[in-house]
Amino acid sequence: MAGLTLRDVRKSYGSTQVMHGVDLDIEDGEFVVFVGPSGCGKSTLLRMIAGLEEISDGTVAIGDRVVNAVAAAKRGVAMVFQTYALYPHMTVYKNMAFGLKQAKTDPAEIDRRVKAAAEILQINDYLERSPRNLSGGQRQRVAIGRAIVRDPEVFLFDEPLSNLDAALRVQTRLEIARLHQRLKTTMIYVTHDQVEAMTLADKIVVLRDGRIEQVGSPIELYERPANAFVAQFIGSPKMNFFSDSDLTEGAAAYLGRTINAEEEVGLRPEHLVPVTDGTAVIEGRLELVENLGEYALVHLVSQSGVEFIAKTEKPPAATKGDTVAFTIKPELVHVFDRASGLRK
Ligand code: ADP
């Protein structure tokens, strides 16, 4: 087991720089998720830690050891890929044993480790099957098993659930969470899915355009996003953004502060509460209601033309075209500087 230290890590492909100086500390045993939109650099960063991409500048240390010049196989990391990367002509057992065999591990020890990993992942019954005859979820478990048998200091997961259908994604996500509880090994996990990030991570690293936007626990990122980008990325449906002129005339009095022209206000859909009294902060014309039973997503357009969503317990007693007013607890209002995007 080991923590990691990244200092001013940069990556260039030719003259194009794609990582612009990443500083990050990962504690021993932590589950860290790199999240961000496609192209933000999360896979590149993971692959630099794995030793699959050269580090153009800066240092990556695993434990106390700077690994920039250490070969992937010698870094003490094991990676699980989105595409599983299993050998199609080998049985499950041989796939899991392969790395250890290459490392000339004692056959009895290989057998012990493969069986122990198969037990954890409940794939004992498939050990003699070929990967071809497994479902996607079973193949991904074999890929995870292959990582476990290596007893790595750090597990690296590169979008491991992307090729699974929705139900299996949820199930496998839980299995990975349980695996971390059980093994307590440092895990770094890449995803573009903020729900995976929120549910799995001790610590989320939000990336954009090769830079870290914010590092924090899921709840810190949800409650105190450092900027408008993180605010919009974390939470579903996305946070609504408004200018002062979109809000009701009474908003400033109710919220206890004015919003100036250089600021924008972020209101999460689940924090908007329908009201008919004088505490309304935002009003909108009802466009559409998605009633999901346990809650409703109410789609509205403000008088100023801004589309927004309210997530309410029950559908509003209103029909298309009606005006619906909402309030919000003042402490749940997020204010950002319009130009820099930074939280105020
Ligand atoms: P993510 O995993 O967040 O989707 P990547 O780490 O794959 O993003 O890519 C980060 C950036 O690096 C992107 O702009 C991508 O186009 C660029 N990139 C990745 N691999 C290469 C490569 N081999 N050559 C040139 N540019 C690359």
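Whatever order the structure lists them in is the order used to number ligands and atoms, beginning at 1.
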- request: Ignoring hydrogens and angles, tell me if any N or O in the side chain of T59 forms a donor-acceptor pair with the backbone of V66 under 3.5 Å.
  value: no

query: Thinking salt bridges, do R113 and E109 make one under a 4.0 Å N-O criterion?
result: yes

- prompt: Is there a heavy atom of G210 sitting under 4.0 angstrom from any atom of ligand 1?
  reply: no

message: Please determine whether any non-hydrogen atom of G36 lies less than 4.0 Å from an atom of ligand 1.
response: no

statement: Near T44 (heavy-atom distance under 4.0 Å), the atoms of ligand 1 are 5 (P), 6 (O), 9 (O), 10 (C)

message: Below 4.0 angstrom, counting only protein heavy atoms, does anything approach atom 22 (C) of ligand 1?
response: yes

message: Check for me whether K11 meets the cation-pi criterion with Y13, that is, NZ or CZ under 6.0 Å from the six-membered ring centre and within 45 degrees of the ring axis.
response: yes

field: Closest approach of any protein heavy atom to atom 13 (C) of ligand 1, naming residue and atom
entry: G39 O, 3.6 Å

message: Nearest 0.5 Å, please: how far is OG in S217 from CD in E223?
response: 8.0 Å

- request: May I ask you to decide if the ring planes of F308 and F326 are parallel, tilted or perpendicular, using 30° and 60° as cut-offs?
  value: perpendicular

- prompt: Relative to the heavy atoms of G41, which atoms of ligand 1 are at a distance of less than 4.0 Å?
  reply: 1 (P), 3 (O), 5 (P), 6 (O), 8 (O), 10 (C)

P37 neighbourhood, listing ligand 1 atoms whose heavy-atom distance to it stays under 4.0 Å: 3 (O)

- request: Around atom 2 (O) of ligand 1, find the nearest protein heavy atom and jot down its residue, atom name and distance.
  value: S43 OG, 2.7 Å

field: Atoms in ligand 1 with a heavy atom of V18 nearer than 4.0 Å
entry: 11 (C), 12 (O), 17 (C)

- prompt: What do you think, any protein heavy atom under 4.0 angstrom from atom 18 (N) of ligand 1?
  reply: yes

- prompt: In terms of residue, atom name and distance, what is the protein heavy atom nearest to atom 26 (N) of ligand 1?
  reply: Y13 CD1, 3.2 Å

- request: Please say whether the positively charged group of R268, taken as NZ for Lys or CZ for Arg, lies over the ring of Y222, i.e. under 6.0 angstrom from the six-membered ring centre and within 45 degrees of the axis.
  value: yes

- prompt: So, E153 and R65, do they make that salt bridge, N to O below 4.0 Å?
  reply: no

- prompt: Would you say E307 has more than 12 foreign heavy atoms packed within less than 6.0 Å of its CD?
  reply: no

